[in-house]
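Below is one structure, written out as structure tokens; comments come after it.
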2 protein chains.
Amino acid sequence: MSPIPSRLNSSTSSTSSGSSTSSPSTPYHHVGRTRTRQAPYIPSYLEEGQQCVVCGDKATGLHYQAITCEGCKGFFRRTAQKRLQYSCKENNDCEINVISRNVCQACRFKKCLISGMTTDLVLDEQERNAKRQLIEKNREKKELDQLMGLLKESFPCLPINEVKSIVDNVSEAYCKWIDPSLKMDSNFRFQDPVEQFNSLMTPTLARTFAFLKSLEGFSSLDLNQIREIMTSSNGWLEVQILKTIHKIDVENWLLLIEEDAPQGSPPRSPGVPLGNLRFEKNFIDDLKRISESFSNLQMTTEEIALLSAVILFPESLAEKNPEMKKQKKQLWTILEHIVEQNASILDFGIERWPKLLNKLMNLQMIVNRHSKVFFEATNAREVARLFT
Amino acid sequence: MSPIPSRLNSSTSSTSSGSSTSSPSTPYHHVGRTRTRQAPYIPSYLEEGQQCVVCGDKATGLHYQAITCEGCKGFFRRTAQKRLQYSCKENNDCEINVISRNVCQACRFKKCLISGMTTDLVLDEQERNAKRQLIEKNREKKELDQLMGLLKESFPCLPINEVKSIVDNVSEAYCKWIDPSLKMDSNFRFQDPVEQFNSLMTPTLARTFAFLKSLEGFSSLDLNQIREIMTSSNGWLEVQILKTIHKIDVENWLLLIEEDAPQGSPPRSPGVPLGNLRFEKNFIDDLKRISESFSNLQMTTEEIALLSAVILFPESLAEKNPEMKKQKKQLWTILEHIVEQNASILDFGIERWPKLLNKLMNLQMIVNRHSKVFFEATNAREVARLFT
DNA sequence: ATACGTTCACATGGTTCA
DNA sequence: TGAACCATGTGAACGTAT
Ligand SMILES: [Zn+2]
Ligand SMILES: [Zn+2]
Ligand SMILES: [Zn+2]
Ligand SMILES: [Zn+2]
């Protein structure tokens with residue numbers, strides 16, 4: 001029914017907690033405007049026209065263990081959530097009906113309790129938070145899944161179907177005829193390499209995606225734009241490699257990553273010898289060269305982060321949108337500034353900035369030269385190790 | 001059983017619903033509607049009215065090693081799958097019965113475990129995936145078998161695989177050379193035609209030729225033969241027009257092509273109004289007529305591909321070479337069968353095949369009537385747009 | 001025949017915004 | 001404040017592989 005304003009209209013400062021939530025992304029850009037207002041849902045167990053046990057308004061279902069209207073539901077929740085204390089200006093016996101219910105909050109809440117509503121069912125701060133987080137998480141996941149779907153179309157890894165089927169057949173035959181005991185883990189071993197590739201690369205892409213979105217002005221990009229960005233350049237690969245080469249111990253050529261030890265082996269290996277990675281020698285050599293080259297710069301975390309941002313910043317966007325162009329320029333400028341500032345602090349020559357640019361070019365060339373390597377399904381596992 | 005509200009969500013009454021909510025998705029479901037609700041299956045080892053060891057509701061069988069109801073089964077599975085952690089708001093000793101089971105998830109799960117349910121039997125993500133894939137695979141196989149069976153009836157004489165591979169090959173070649181937009185995953189333009197011809201002809205001709213060449217028995221044609229074929233009939237024009245008219249939105253008379261937006265204009269035009277094309281009105285009108293005519297047939301990609309193949313198949317070759325003649329005949333036969341088969345699937349009248357032939361004749365007449373249009377130098381640009 | 005996962009209508013919690 | 005909305009947990013019915 002129509003809410004009747006009265007007396008304590010002042011009430012609470014009202015809602016407006018929100019903000020932060022980021023726009024709900026405009027679920028549907030409707031054209032039709034019509035949006036058939038769908039009939040408010042009523043649970044099937046309610047009789048026709050059943051009344052709210054508190055105020056007699058039209059009930060909409062069980063709420064906090066009592067059959068109530070939307071109004072009493074909301075009132076009760078707000079009261080319990082914020083632990084509000086009301087006091088009656090009369091004799092604690094105000095009548096509560098659909099007209100008068102907003103006159104005395106104290107008596108309304110009292111009647112709620114008497115009518116069987118229980119605050120136990122009101123989620124407390126913590127639970128509420130958990131719920132919000134869950135929803136946020138799911139939202140992201142959903143978006144990511146969609147993106148992954150699009151990405152899969154855009155750069156499918158090289159399937160190598162022939163190899164796969166040969167390997168599968170031979171292995172399967174082996175297990176079947178020669179060593180049946182192996183059959184157990186066949187699930188694991190014969191998993192489709194393409195699937196494997198996807199599941200292994202997803203975390204990496206997801207992180208890159210999240211990083212990109214966190215940059216100013218990128219949060220509102222839609223999925224297709226993101227896909228375009230991710231596929232139209234090797235930027236994300238370059239960023240990953242940039243990260244990786246800073247994890248290489250150039251003295252001993254160890255890749256310093258934490259891996260779960262297989263079993264019973266020493267708890268933590270100090271690192272993986274580069275030679276142990278199953279890539280072609282060519283690639284490993286380039287990796288060594290470039291990581292040695294960068295190690296001389298002693299880049300700081302901030303510098304790496306900024307560099308990653310500009311690498312990822314899609315040129316196409318900058319060209320289309322002057323605002324974005326300005327932003328990219330700004331990032332470059334800041335980076336330059338910091339690099340040179342650190343140069344003097346680190347007692348570097350004056351050449352640090354040009355050197356960085358030079359090395360960056362080198363990095364991009366190398367990534368480009370080997371870009372195929374990253375998409376071979378058979379390499380997926382090693383690539384994932386590299387990018388962990 | 002009987003639902004009672006409580007903490008989380010209450011359960012439902014068994015009402016059989018019938019409500020019309022139906023807002024979300026509403027995927028394909030049976031239309032039969034009659035569907036006598038068959039008695040929910042109960043394993044034979046259960047005694048009459050045996051109870052769920054967790055909540056006392058009616059048990060439906062062994063689930064994860066304990067005799068439980070459907071509710072506890074689902075609750076346990078979800079919890080284990082998502083590795084959920086609950087916490088009790090009371091003293092970890094909440095009573096669990098059919099009424100209260102939804103009050104405290106922590107205690108419900110605890111009771112599940114105590115009652116002998118084991119998470120070992122809950123399939124993990126990977127196993128679940130494997131299962132899904134297996135089911136999917138089997139479904140496809142089943143469908144394929146059915147289709148094969150259908151084809152086999154239609155072509156008792158021909159090896160069934162051959163028919164299917166012919167259809168597949170022609171369709172694939174068509175998508176590759178003539179109309180890439182048909183292919184789901186080909187967001188990227190045409191395959192580059194063989195270079196040697198590329199320089200000698202317009203891209204359209206080159207692609208049409210490539211299509212022809214990919215047909216069985218045509219791969220060895222040399223340039224001169226090609227030229228002869230291409231010039232001796234309007235086949236290639238007909239094929240291109242056939243493609244084009246299937247890109248026309250007959251509601252709004254828009255030609256649905258993707259053009260690079262000039263600059264700064266809206267990123268993607270929904271289509272080009274036919275009237276915008278710089279052809280004589282005569283020609284446009286015929287185009288409208290013929291495209292409307294074909295749109296009624298709702299031709300599938302395979303049908304269009306096969307039709308294109310037979311249109312392009314040079315009569316001269318068929319006459320000279322009995323082998324080729326047979327092949328052409330075969331293509332016609334396959335096309336006819338598929339068209340009629342689809343007629344029944346699409347709930348078409350029995351007239352689909354004759355109608356197609358009729359419309360084809362019309363198409364050829366129109367192309368013939370306007371053939372001059374395509375070769376006038378001043379029209380070159382527009383023709384290229386049309387055939388993109 | 002059995003016991004897995006899947007599907008989806010439903011109920012109900014929180015959230016939004018006029 | 002509360003009408004409309006969104007999102008998630010629930011469980012009955014169901015589809016399949018073993
Ligand atoms: Zn009320
Ligand atoms: Zn009062
Ligand atoms: Zn139970
Ligand atoms: Zn408890």
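Throughout, a chain's letter reflects where its sequence line sits, starting with A, and its residues are numbered from 1. All values below were derived from every heavy atom in this structure, side-chain atoms included, with hydrogens, water molecules and symmetry-related copies excluded.
- Residue A:G61 is out of contact with every strand shown, counting any heavy-atom pair closer than 4.0 Å.
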Point to revise | Test log, rule salt bridge (Lys or Arg N to Asp or Glu O under 4.0 Å), inputs A:D120 and B:K89 | key: CA-CA 9 Å; A:D120 291 353; B:K89 282 185 136 182; over 6 Å; no

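- No N or O donor and acceptor, one from the side chain of A:K131 and one from the base of D:dG9, sit under 3.5 Å apart.
- Taking the nucleotide of DNA chain D with the nearest heavy atom to each of A:N138 and B:C69, the more 5' of the two is matched to A:N138.
- Out of D:dG11, D:dT1, C:dG5, the shortest distance to the side chain of B:K73 is found at C:dG5.
- Using a 4.0 Å cut-off between charged side-chain N and carboxylate O, B:K137 and B:E140 make no salt bridge.
- In this structure, A:T60 reaches neither bases nor backbone, as no heavy-atom distance under 4.0 Å exists between it and the strands shown.
- Here the side chain of A:R139 is nearest to one of D:dT1, D:dA7, C:dT6, namely D:dA7.
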Exercise for review: Go through B:E70 and B:T60 one step at a time and tell me if the side chain to side chain donor-acceptor pair (under 3.5 Å) criterion holds.
Suggested key: CA-CA 6 Å; B:E70 282 298 305; B:T60 64; 2.9 Å; yes

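- Nucleic acid contact for B:G71: sugar-phosphate only, since backbone atoms but no base atoms lie under 4.0 Å from a heavy atom of the residue.
- Counting any heavy atom pair closer than 4.0 Å across all strands shown, B:Y41 reaches a base atom.
- Electrostatic pairing of A:R128 and A:D124 does not count as a salt bridge here, judged by no charged N lying under 4.0 Å from a carboxylate O.
- Between B:N102 and D:dG11 there is a side-chain N or O to OP1 or OP2 distance below 4.0 Å.
- Minimum atom distance to the side chain of A:L121 is reached by C:dG13, of the listed D:dG2, D:dA17, C:dG13.
- A sub-4.0 Å separation between OP1 or OP2 of C:dT16 and a side-chain N or O of A:R77 is absent.
- The side chain of B:Y64 lies closest to C:dC4 when the candidates are D:dA4, C:dC4, D:dT10.
- Protein atom NZ of A:K58 is 16 Å distant from nucleotide atom P of D:dG2, rounded to whole Å.
- As rounded to whole Å, 13 Å separates atom P of C:dT6 from atom CD of B:Q133.
- Distances from the side chain of B:L62 to the nucleotides D:dT8, C:dT6, C:dA3 place C:dA3 closest.
- Listed nucleotides C:dG14, C:dT2, D:dG9 differ in distance to B:Y45; the shortest reach to its side chain belongs to C:dT2.
- Atoms CD1 (B:I96) and P (D:dT10) sit 12 Å apart, rounded to a whole Å.
- Between A:F76 atom CZ and D:dT1 atom C1' there is a gap of 17 Å when expressed in whole angstrom units.
- One finds a side-chain N or O of A:Q105 lying less than 4.0 angstrom from the OP1 or OP2 phosphate oxygen of D:dT1.
- Along DNA chain C, the nucleotide nearest to B:E70 and the one nearest to B:S44 differ in position, and the one closer to the 5' end is contacted by B:S44.
- Comparing atom distances between the B:L134 side chain and each of D:dT18, C:dT6, C:dG14 picks out D:dT18 as nearest.
- For the pair B:Q50 CD and C:dT2 C1', the interatomic distance rounds to 15 Å; values are reported in whole Å.
- Less than 6.0 angstrom separates the ring centroid of A:Y86 from the ring centroid of A:F75.
- For the pair A:D124 CG and C:dG13 P, the computed distance is 15 Å after rounding to whole Å.
- Counting atom types as modelled, B:K82 pairs no side-chain N or O with a base atom of D:dG9 as donor and acceptor under 3.5 Å.
- The distance between atom CD of B:E127 and atom C1' of D:dT18, rounded to the nearest whole Å, is 15 Å.
- Between B:F76 and B:L113 there is a side-chain heavy-atom pair separated by less than 4.5 Å.
- Candidate nucleotides D:dT10, C:dG13, D:dT1 were compared by shortest atom distance to the side chain of A:F75, and D:dT1 ranks first.
- Using a 4.0 Å heavy-atom criterion, one finds that B:K142 contacts no nucleic acid atom at all.
- Counting non-hydrogen atoms under 4.0 angstrom, B:R132 reaches the backbone sugars and phosphates but no base.
- Taking only side-chain atoms of A:R101, from C-beta outward, the nucleotide of C:dA3, D:dA3, C:dT6 with the closest atom is D:dA3.
- Relative to the side chain of A:R128, the nucleotides D:dA13, C:dT6, C:dT15 differ in distance, and C:dT15 lies closest.
- For the residue pair B:E95 and B:N97, a side-chain donor N or O sits within less than 3.5 Å of a side-chain acceptor on the partner.
- Base engagement by B:R78 is indicated by at least one non-hydrogen atom pair under 4.0 Å involving a base atom.
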